[in-house]
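Each chain gets a letter, A, B and so on, in the order the sequences are listed, and its residues count up from 1.
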Number of protein chains: 2
Amino acid sequence: MARGFVTAEEVAKRAGVSRSAVSRTFTPGASVSQAVRRKVLKAARELGYRVNRLAQGLNNDRSNLIGVVGTNLSAPFISKQLDLLSIGLLRRGLQCLLLNAADARKDIAPLIELLFEFRAQAIVVLSGEPPSSIVDECIANGVRLILVNQRLDRTDTNMVLSDDSHGADLAALRLIAAKCQKVAVVSSASQTPAQVRRATAFTQRMQASGVDVVAWSDGPTGYESGYQAGCDLLRDKKIDGAFCVTDLLALGFLDAARIEMHRRVPEDVSVIGFDDIPQSGWKSYELTTIVQSLSTLTDNVLTALETDEPATRLQVVPVSMIERKTVR
Amino acid sequence: MARGFVTAEEVAKRAGVSRSAVSRTFTPGASVSQAVRRKVLKAARELGYRVNRLAQGLNNDRSNLIGVVGTNLSAPFISKQLDLLSIGLLRRGLQCLLLNAADARKDIAPLIELLFEFRAQAIVVLSGEPPSSIVDECIANGVRLILVNQRLDRTDTNMVLSDDSHGADLAALRLIAAKCQKVAVVSSASQTPAQVRRATAFTQRMQASGVDVVAWSDGPTGYESGYQAGCDLLRDKKIDGAFCVTDLLALGFLDAARIEMHRRVPEDVSVIGFDDIPQSGWKSYELTTIVQSLSTLTDNVLTALETDEPATRLQVVPVSMIERKTVR
DNA sequence: TAAATCATTGCGCACGTGTGCATTTTTTTG
DNA sequence: CAAAAAAATGCACACGTGCGCAATGATTTA
């Protein structure tokens with residue numbers, strides 16, 4: 001019971017073979033006789049040997065580590081994304097080095113530096129806007145960079161994002177069909193690129209149809225902000241529709257409308273969200289919303305990760321609308 | 001612009017010093033003159049040098065990697081736990097190697113093996129029951145193992161868990177105070193140790209007071225199962241109280257009670273949950289529940305991680321009850 | 001049976017870093 | 001200014017592994 005881990009050297013000694021034999025036994029496709037292999041495996045089992053992947057990655061230059069950076073890891077949408085991503089990585093024999101960007105909301109550059117130090121093979125950014133200089137460094141070091149739901153004005157990095165503007169269009173058209181006269185767009189103070197795209201696309205489409213639009217954005221992207229928005233906005237009795245750029249906002253808005261402001265949904269006010277988080281399907285809400293296909297989003301990230309020469313740098317994942325019960 | 005990463009050797013050559021000087025420049029407390037340090041830093045910046053932590057960990061035997069294993073990473077409670085944990089790790093200069101145990105629900109042994117291969121300094125298990133043999137291997141290899149909300153019959157590993165039985169007691173006493181005559185205990189088919197502890201403690205306390213208890217457990221631990229439980233159980237008009245071992249179950253139960261089974265809560269039925277996830281505070285629910293202090297839970301994990309000689313192996317975190325509006 | 005082919009094995013180098021040790025340079029002290 | 005102390009520097013080894021290369025042993029072919 002030596003302190004620390006067992007090395008291939010010790011296994012070799014016990015099995016009475018060379019260290020190379022041990023290495024080859026654990027290297028698929030290497031040339032070892034059955035007899036030696038058996039001896040090595042026996043010794044390894046007895047000593048509790050495990051190959052050291054760090055040392056392995058040192059001369060392989062394949063660390064098998066994938067860096068994942070994100071904020072708001074406990075928000076339903078992101079956490080589901082992380083869930084699927086981590087499963088997919090594990091299945092592909094890749095490890096997930098998770099960095100929570102909560103402390104460095106805007107500037108995630110230091111975190112990416114850290115991932116460089118760990119020789120991450122690739123980096124997936126779930127949220128937080130990376131400066132353009134980071135992209136250059138990734139390219140220089142041969143690290144693949146994948147941005148999720150986030151658009152950069154460059155063609156030399158991978159981006160996977162949902163079709164925000166089309167989603168916003170769907171929402172707008174639906175509210176127009178519901179004969180809304182005056183609608184609200186609810187977003188948060190964080191104003192992520194995705195949120196801005198959704199809000200502006202929606203606004204444009206509505207205004208083109210001659211519908212009044214009032215914008216609201218304050219606080220963090222969560223239930224409470226949506227609730228606040230509902231309380232603020234629905235003092236205006238004219239408002240009969242709302243598009244919330246996130247389901248969490250929409251659910252807060254819904255509760256404010258029904259419970260605090262005494263409106264009937266959908267009879268008095270129609271509400272549409274974006275994301276389709278699990279809670280939106282709960283019986284108390286049944287929110288009509290734009291669904292991002294989280295599985296195809298994740299699949300695209302994973303293929304972008306393992307493809308050697310990515311054909312398409314920019315992948316836009318289609319969205320659809322699921323009609324539940326919050327639109328007239 | 002060489003392919004791959006820059007090494008200390010190259011920096012040394014460019015700066016006109018020895019490789020040792022480079023190493024020392026990036027090692028806090030090492031002896032380097034100002035002049036040399038400046039030259040090295042300049043060269044490093046120009047070349048984009050970053051120390052290779054993998055190689056570093058090779059002779060340090062401090063990989064700085066902490067393995068985190070868990071299932072249901074997108075469930076509100078676990079995801080919040082992961083969120084806090086990953087923040088805390090980062091602040092302490094530790095990296096979070098995340099393994100999603102979704103594919104190996106029961107047997108997480110292979111995942112822990114994998115963490116051994118990466119020479120993780122410590123392993124945090126958020127869910128999924130590790131076999132006792134794993135504990136031995138961790139000890140043999142000097143890897144600290146921390147089990148969260150999960151009790152093993154051994155005294156040689158770290159465990160941090162909420163006071164489940166006391167929480168269940170609080171719930172029982174409250175339902176007794178509400179004069180419930182017949183109550184349900186709702187759990188899931190997964191029957192994790194924590195769930196079992198809560199359910200049995202609750203049942204014992206209730207039966208000791210002469211209250212009828214019916215148990216229900218089926219499906220995964222989520223909203224839908226709670227909903228199903230509500231639909232099944234509330235056919236019995238006698239049932240006027242329920243303790244759900246998880247908030248998600250409780251929320252589903254609530255919706256079933258109010259919407260599907262037309263009961264008034266709390267007038268007809270009282271409901272208590274466990275965890276205090278964000279959704280429980282939402283205006284549509286206002287669930288009375290047992291709150292686990294996620295922050296102290298996480299703090300205890302982190303201190304267990306960095307303390308060299310843990311005084312207390314078993315840490316029980318106190319729980320409390322937050323009264324909202326689902327109990328008469 | 002001799003020759004040729006093939007599988008197996010061990011040696012030694014490489015990967016990128018930290019650090020002990022001896023040596024050289026600088027600073028402080030008397 | 002000389003001597004002693006302190007600081008800085010380079011060399012070489014160690015960490016644990018994969019793999020190329022040459023040598024050895026086993027097997028097939030003529």
statement: All heavy atoms of A:L90 vs all of B:N100, minimum pair found to be CD2-O, 3.2 Å
query: How would you list, by chain and number, every residue that makes a salt bridge (Lys or Arg N to Asp or Glu O under 4.0 Å) with B:E9, sequence neighbours excluded?
result: none
- prompt: Mind checking what makes salt bridge (Lys or Arg N to Asp or Glu O under 4.0 Å) contact with A:R91, not counting sequence neighbours?
  reply: B:D103
Report the distance from atom [atom1] of [X] to atom [atom2] of [N], rounded to the nearest whole Å.
X      : N      : atom1 : atom2 : answer
A:E10  : D:dC15 : CD    : C1'   : 13 Å
A:N60  : D:dT17 : CG    : P     : 12 Å
B:R62  : C:dG16 : CZ    : P     : 24 Å
B:E117 : D:dT17 : CD    : C1'   : 13 Å
B:F116 : D:dT17 : CZ    : P     : 15 Å
B:Q56  : C:dC15 : CD    : P     : 19 Å
B:E9   : C:dC13 : CD    : C1'   : 15 Å
A:F118 : C:dT17 : CZ    : C1'   : 14 Å

- prompt: Which ones in residues 21-38 of chain B lie close to DNA chain C, meaning a heavy atom under 4.0 Å from one of its atoms?
  reply: B:S23, B:R24, B:T27
field: Test applied, side chain to side chain contact (heavy atoms under 4.5 Å, CB included); reference residue, B:C96; option that passes from B:L65, B:V68, B:I66, B:I87
entry: B:V68
query: With respect to B:V124, which candidate in B:V160, B:L302, B:V148 satisfies the side chain to side chain contact (heavy atoms under 4.5 Å, CB included) definition?
result: B:V148
- prompt: Using rotation axes that map the C1' atoms of four end pairs onto the next four (five pairs an end), what angle separates the end axes of the helix from C:dT1-D:dA30 to C:dG30-D:dC1, to 10°?
  reply: 30°
- prompt: Does the side chain of A:T298 come under 3.5 Å of the side chain of A:Q81 through a donor N or O and an acceptor N or O?
  reply: no
query: Is the closest side-chain donor-acceptor distance between B:R154 and B:S132 under 3.5 Å?
result: yes
Strictly distance-based, threshold 3.5 Å: is any side-chain N or O of [X] a donor or acceptor partner for the main-chain N or O of [Y]?
X      : Y      : answer
A:S127 : A:T71  : yes
A:S63  : A:R119 : yes
A:N52  : A:A55  : yes

message: Suppose we screen for side chain to side chain contact (heavy atoms under 4.5 Å, CB included). Which residues come up paired with B:S20, at least two apart in sequence or across chains?
response: B:S18, B:R24
query: Among the nucleotides D:dG18, C:dG18, C:dT19, which one has an atom lying closest to any side-chain atom of B:R19?
result: C:dG18
From C:dT17, D:dG16, C:dG12, nucleotide with atom closest to B:A8 side chain: C:dT17
- request: Check whether the side chain of A:S18 and the base of C:dC11 form a donor-acceptor pair under 3.5 Å.
  value: no
field: For DNA chain D, the residues among residues 47-54 of chain A that have a non-hydrogen atom under 4.0 Å from it
entry: A:Y49, A:R50, A:V51, A:N52
Closest-nucleotide ordering on DNA chain D, the 5'-leading residue of B:L58 and B:V17: B:V17
- request: Inspect the surroundings of CZ in B:R92 and state if more than 12 heavy atoms from other residues, nucleotides or ligands are less than 6.0 Å away.
  value: yes
